Amino acid sequence: MVTITGVIPRPSTYTGLWSWLTTVDHKRIGALYGFSAFFFFVVGGIEAGIMRLQLVTSDNSLVSADWFNAMFTMHGTTMIFMAIMPFGATFFNFLIPLMIGARDVAFPRLNAFSYWTFLFGALLMHAGFLIGQVPDAGWFSYANLTAAPFSEGKGLDFWALSLQVLGVASLAAGFNFVVTIINMRAPGMSLMRMPVFVWMTLVTSILLVLAFPIITVALIELTADRQFGANFFNTAAGGDPILWQHLFWLFGHPEVYILILPAMGVVSEIIPTFSRKPLFGYPVVIFSGIVIAIMSWAVWSHHMFTVGLGAIANSVFTITTMLIAVPTGVKIFNWIGTMWSGSIDLRTPMLMAIGFVALFIVGGLSGVSHAVSPSDFQQQDTYYIVAHIHYVLFGGAIFGIFAGIYYWYPKITGKMYNELLGKIHFWLMFIGMNLTFFPMHYAGLNGMPRRIYTYAEGFGWEGMNLLATIGYFIIVISLLIFIHNFFRSIKKGEEAGHDPWDAPTLEWSISSPPPVYNFAEVPVVRGQDAYWITKREAAARGETVPAEPHVDPDTIHMPSPSYWPLITSFGVVWIAGGLLIDVGWDYIRFPISFIGGIITIIGVIGWSNEPAAEEHHEAAGHH
Amino acid sequence: MAHADTTHAPPAHPPAHEEETTTGINHRKLLMWVFLGSDCLFFGSLIATYMVYRGQSIVGPYPRDIIDVPITTVSTFVLLMSSFAMVMGVAAARNGNQKRLIQWLWLTIVLGSIFIGFQVYEFNLFRVEGLRYETNLFSSTFFTLTGFHGAHVTLGIFWLICLAIVAARNPAGRPSHLDVDIAGLYWHFVDIVWIVIFTLLYLIGGFDGPPEAGHAAVQGWNWVTGLIS
Amino acid sequence: MVTLALLGGVLILAALGCDADAHQSILSSTPWTLDGVGGPVAREQLLLFNVLLWTMVIVFVLVEGALLYAAIRFRRKPGDPLPPQTHGHTPLEIAWTIVPTILILGLGVWSVIVLFKLEPGEAIALARVEGKEPVRVEAVGHQWWWEFRYEDPLPGDEATKLVTTANEMRVPVNTPIIMDLKSDDVIHSFWIPKLAGKQDVVPTKTNSMWFLAEETGMYYGQCAEFCGTAHAQMKFRVHVMEDAEYKAWVAGFAEPVQLSAEATRGQLVFLGDGQCVTCHTVGASDVVDPATGEGVQHARMQTYIEYTEWLAKRADERLLDVRTGNEPPTAFAAPNLTDLSCRVTLGAGLVDRNRETLRQWVRDPDSIKPGNRMSELAVIYQTKLDHRADLTEAQLGDLVEYLSAQGSNVCPQ
Ligand code: HEA
Ligand code: HEA
Ligand code: CUA
Ligand SMILES: [Cu+2]
């Protein structure tokens, strides 16, 4: 078949820069996601630092009001969409195929496309910094502050369009993982034998797939207003700013569970391993995850208690929101039940996991106190809320993510991290985190509103803010230790072996780091905690189970690298980016978008004409 | 799970061809189902926006001045017929009748294009009659919703054209029954969405006028809060 | 240990909260009691919050305690055998599903009851009991200041007319106040922590809420929804007064003030070179415009009334060109200054009001409040390169005299 693929030779290297740009290997994509997410985590953290320095005392004037507003907007947006979500994707990518005994995800090239689109979207959002057009309406950018008359410049266009691109990336990843988990499980791995992390990934992916179209529509409407003069949020034409809030939070609340469920999955893997007991109430933990996901669709208006929906609506959302505490509590109780009368090894991953549970409880309980709407009338938009979100997002999601990083570090790198440094990291981060965010509860109840760039003296807020700023620097130090530990151990760490933790899941049955093809032979799963079963049966026979032997990779067909995902993503980001460059000529107002569209189309055509695995390059590909 | 041996299965087949899957549903077909689920929420949100703003435009033209139900009934019928043609196409693909497949595909394409033609005509007519994208709430919501539907149809047409070309050039069993089946799923979905749009925007909302004086802003949400209370 | 540390933290913070500075605090002045709140609405909210807090503290101690106990008690010791491989315990699962559910439904029912008590209808009922009528105040949020309009400041008193003030509202003590909240531009939120929780101020709709202040004094308020550059500085004050004082204040709006010679010159600046009158209203001391024979301020007030009517009816006004039609009949963009000398602050609660700050404000508003709309809209700030007011020092002085005289009949300096 004469196709466009003939024009550019298919990439065939497995080393060097090009191999990373064209890789479709889920492990490499996972690594790319991981580094990018950490990069943006640091960016968001530095933005937080600027805020903390500005707020360290009353009437401070380190930064201007507009700059501060840009900082919290970008901090929230970056942390949520460009740090925690891609951290989630990191784990999905690296682990899901390994845990279900598959060679790769269902659509390897779509996976690469997700990553590149995410990266380009994130870069597009930050490109606003280069030309001084930074979004500054908060991470949920309420209409009609985002309407043209109230928000001049291109800042919000950057925000809306980049978020749209990030949405495309998330959706593509969501589709991919739903299909992978449903369709690519090793023989014998029934749904109720899947590791909890796989379950939580499935639930998260389904939430993603259903929630992102809603914010997509909201962003389309916002973009239409700003770029094409539509009236969705134009109050003079009768537009209703509350519509934005409904759409945003109908997405936004499921989104917060998209952020936390992967971390819960991670913790559900770690606690059994380090307690040497199977997860207590495995089906209940899974079921509660599903219930949380379903209930998350019925609570969105708890972000809108004060907009005047009326007492009846507020009552309904008060009750539904409070009820979410029940399935969440069930999870927590089951984790404690797993630890109970176990044999607990307090290594860093376990410490992080326990830290997760301990801190998430605090965040969850303050969440319940927001759910009580009459009380929330006082709390809403104060630092009390800021405290809640950081206990669930930092204490929850970030601790869960670090737990996962330490836990799978030996699997990913083949080396063991330094335990002492790990523990120091944990304790410093734990202390710093509480020092930063616990006082915020009090500052909020003491009347300090959020999103203020400065405050007058005499309100009694200085002490709390000073503590928070000190706490921030302790977190920074802890993270520097982590960075050091991470890179030093890659070079100098001990060989970890294939199963350092005596873990129950399949990824530990293969060598570390895993070979390109993952499993030389597809495993057959005979029960929950499959690898424990194998190991314990062997132990009963007085044997040990070695890692799967390496085989000649040439005998295994793997998908070949491809340029097309990269090219397609590149096109997609310029469709969005081009809308920022309006030449005002009636026939083609947005020429760059147009070119971006053409690149996308070329990408898609090339992609669909290219077979997933190139037969004749296979042998030459590996070194 | 008390006992289990992890004996290993025979080496897996290369993933390039029609893979074995856990559920027996092909990956791509499952992908399409998941995508359509997602798309439901996409159109759902657009339709919800339309419904919230129904009858809220404070300047004309209003739907009652401009919507022509009979004409759109015709185009709706055409689109429905295209779904029928698609069904026949899928059946032909299943029976391996390449010639029939090509004929039905082209018929679907032509009917879909006629539908798009109607839409272009309608949009243009509205523009001439003074309903531009930025005129009022009705125009913004209407053009956005039907425009995105039109874009879906257009994409479907291109997809079917690709299939038809492949079928014509490559008579040896390509496109596979599965390829046609997946395209069919998409096409029917887009069709069903139109039925909803046609019902809500034309049959029910086609006679809306300006907001009733007084409670302009509150009205739109009544049906939402009505659901809750 | 962690539990104790956190609990200790709570108590230390609570103790810190005892300071007298906590005048924008939601908490009471003595922790965990209901003292120091200003009225019934805030009291209901604080009571509910305290109960919640203690429930949560108990849950917290129990659950964190169990977690910590497990982590310490069941630590692995070298040579430990494989622990018993339990998989679950159904009665336990049921128990820890049911108990929280009951707890939550209990709290939920209470919250719903409180919720309905906070509805504005409650204020009317409450007023009836005391044989009073609630005072209705309309608060209009502007980027970044508050406007307070009293259509009927003394309910039942036929003679009184519209009273308008800005950033500092005055209300009688022990009288239910119903706030009708409107926005002129984006979403704001009206919040007086000591008196009542917040309610958003949303363009295109009117939200209502109520509060009642039991003691006279000054209460702090703050815009609580992010609304752009100067959101942090969109504060306001509520002065709660004895009935008689309040009446005098209202009456002051109808009475002209005595102007000194300087102030009279200042008035000319206000109306002339300064063009202040294009946006500001000064109600009580009117001069007659020789050209029209009409009172200038009266005309201004008239425009203002038209403007607010336009605001209300804007949805019905079909004649607007939607793209550009955001213009009211005449721009009315600035605080009413009639009772200026009653106010303790300038710039929406930003700095104390006195002659120096007033002068600085008029000369260069940006130096006090970045992002304020005055320097953006008023012509005198556009003519000079440094964006300061295009007025001489003498003119400034006169103007400050004139402004300082406003309201001096009811609020002597
Ligand atoms: C990971 C993210 C995450 C998670 C998991 C949660 C979890 C919860 N959140 Fe949170 N929330 C956010 C992220 C998250 N939230 C963010 C980002 C915002 C702010 C957005 C913004 O405005 O910028 C927010 C804001 C927010 C609000 C709006 C506040 C306001 O603006 O006024 C509310 C109100 O109800 C709320 C409630 C809850 C509740 C009830 C839970 C529950 O799921 C918590 C359940 C957990 C527990 C309760 C603890 C464990 C349970 C037990 C130990 C059992 C026993 C307990 C009881 C019987 C009570 N959250
Ligand atoms: C996942 C989510 C997440 C995370 C992890 C964080 C982390 C932090 N947040 Fe964040 N925050 C949000 C999500 C998050 N936040 C959201 C959603 C909002 C609401 C935004 C809005 O209102 O719109 C918010 C708002 C918010 C505010 C309120 C702003 C306001 O309302 O005015 C504050 C104030 O202190 C704050 C502080 C912090 C701090 C100090 C951290 C720290 O924990 C950060 C720690 C991280 C680092 C320190 C990075 C590591 C840095 C290094 C390693 C530096 C060294 C390296 C080099 C220099 C090369 N956050
Ligand atoms: Cu007005 Cu914030
Ligand atoms: Cu929420």
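Given the structure is predicted, the values throughout are model-derived calculations rather than measurements. Below, read A as the first sequence line, B as the second, and so on, with proteins coming before strands; counting in each chain starts at 1.
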For the interface with chain A, which of [options] has the highest count of heavy-atom pairs at distances below 4.5 Å?
options                               : result
C/Pro100, C/Ala224, C/Ser208          : C/Ala224
C/Pro83, C/Gly108, C/Ala66, C/Gly349  : C/Pro83
C/His89, C/Lys235, C/Met209, C/Lys117 : C/His89

Contacting region of [X] [heavy-atom separation from chain A under 4.5 Å]:
X        : value
C/Ile187 : both
C/Glu93  : side chain
C/Gln199 : both
C/Leu107 : both

Top residue by heavy-atom pair count (under 4.5 Å) with chain C, among [options]?
options                                : result
A/Ala65, A/Ser315, A/Gly329            : A/Ser315
A/Met304, A/Gln379, A/Arg450           : A/Gln379
A/Thr382, A/Asp136, A/Leu346           : A/Leu346
A/Ser375, A/Ser369, A/Gly342, A/Pro449 : A/Gly342
A/Val284, A/Val307, A/Val330, A/Val372 : A/Val307
A/Ile319, A/Thr146, A/Asn334, A/Thr321 : A/Asn334

Just by modelled atom types, is the [Y] backbone N or O under 3.5 Å from a matching donor or acceptor in the [X] side chain?
X        : Y        : answer
C/Lys198 : A/Gln378 : yes
A/Asn446 : C/Ile26  : no
C/Glu44  : A/Pro374 : no
A/Asn144 : C/Asp185 : yes

Less than 4.5 Å apart, side chain to side chain, heavy atoms only: is that true for [X] and [Y]?
X        : Y        : result
C/Glu64  : A/Val362 : yes
C/Thr55  : A/Leu365 : no
C/His87  : A/Phe280 : no
C/Glu225 : A/Gln380 : yes

Please state whether the side chain, the backbone, both or neither of [X] comes within less than 4.5 Å of a heavy atom of chain C.
X        : result
A/Ala443 : neither
A/Leu279 : backbone
A/Phe68  : neither
A/Gln245 : side chain
A/Phe287 : neither

At their closest point, which heavy atom of [X] faces which heavy atom of [Y], and how far apart are they?
X        : Y        : result
A/Trp340 : C/Ala70  : CE3-CB, 3.8 Å
A/Arg276 : C/Asp80  : NH1-O, 3.9 Å
C/Val202 : A/Pro241 : CG1-CG, 3.9 Å
C/Thr86  : A/Lys277 : OG1-CE, 3.1 Å
C/Leu115 : A/Ala311 : CD2-O, 3.6 Å
C/Pro84  : A/Ser341 : CD-O, 4.1 Å

inquiry  = Go through it in stages, so that I can follow the logic: the residues are A/Leu445 and C/Ser25, the test is side-chain contact (heavy atoms from CB on, under 4.5 Å), and I'd like the CA-CA distance, side-chain angles, deciding distance and then a yes or no.
reply    = CA-CA 6 Å; A/Leu445 294 174; C/Ser25 178; 5.7 Å; no
[X] [atom1] to [Y] [atom2] distance, which is reported to the nearest 0.5 Å:
X        : Y        : atom1 : atom2 : result
A/Ser373 : C/Gln45  : OG    : CD    : 10.0 Å
A/Thr338 : C/Phe74  : OG1   : CZ    : 12.0 Å
A/Leu323 : C/Leu105 : CG    : CG    : 5.5 Å
A/Ile452 : C/His231 : CD1   : NE2   : 7.0 Å
A/Ile361 : C/Met56  : CD1   : CE    : 12.5 Å
A/Tyr142 : C/Cys227 : OH    : SG    : 13.5 Å

key: Verdict with reasoning, A/Ile344 to C/Arg76, per side-chain contact (heavy atoms from CB on, under 4.5 Å)   = CA-CA 5 Å; A/Ile344 299 172; C/Arg76 188 178 306 174; 5.7 Å; no
query = Do C/Trp191 and A/Phe377 have ring centroids that are under 6.0 Å from one another?
reply =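 No.
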request  = May I ask you to check whether A/Tyr453 and C/Gln233 show a side-chain donor-acceptor distance below 3.5 Å?
outcome  =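 Yes, C/Gln233 and A/Tyr453 have a side-chain donor paired with an acceptor closer than 3.5 Å.
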key: Over 12 non-hydrogen atoms of neighbours within 6.0 angstrom of CD in C/Gln85   =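 Count over threshold, so yes.
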message = Assess the residue pair A/Arg536 and C/Leu82 against the criterion (side-chain contact (heavy atoms from CB on, under 4.5 Å)); give the C-alpha distance rounded to whole Å, side-chain angles, the decisive distance to 0.1 Å, and a yes or no.
response = CA-CA 11 Å; A/Arg536 288 179 186 168; C/Leu82 195 64; 3.6 Å; yes
message = Evaluate C/Leu67 against A/Trp335 for side-chain contact (heavy atoms from CB on, under 4.5 Å), listing each step before the verdict.
response = CA-CA 9 Å; C/Leu67 178 69; A/Trp335 289 325; over 6 Å; no
query = When the ring planes of C/Trp96 and A/Phe333 are compared, do they come out parallel, tilted or perpendicular, using 30° and 60° as the limits?
reply =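 If you compare the ring of C/Trp96 with that of A/Phe333, the planes turn out tilted.
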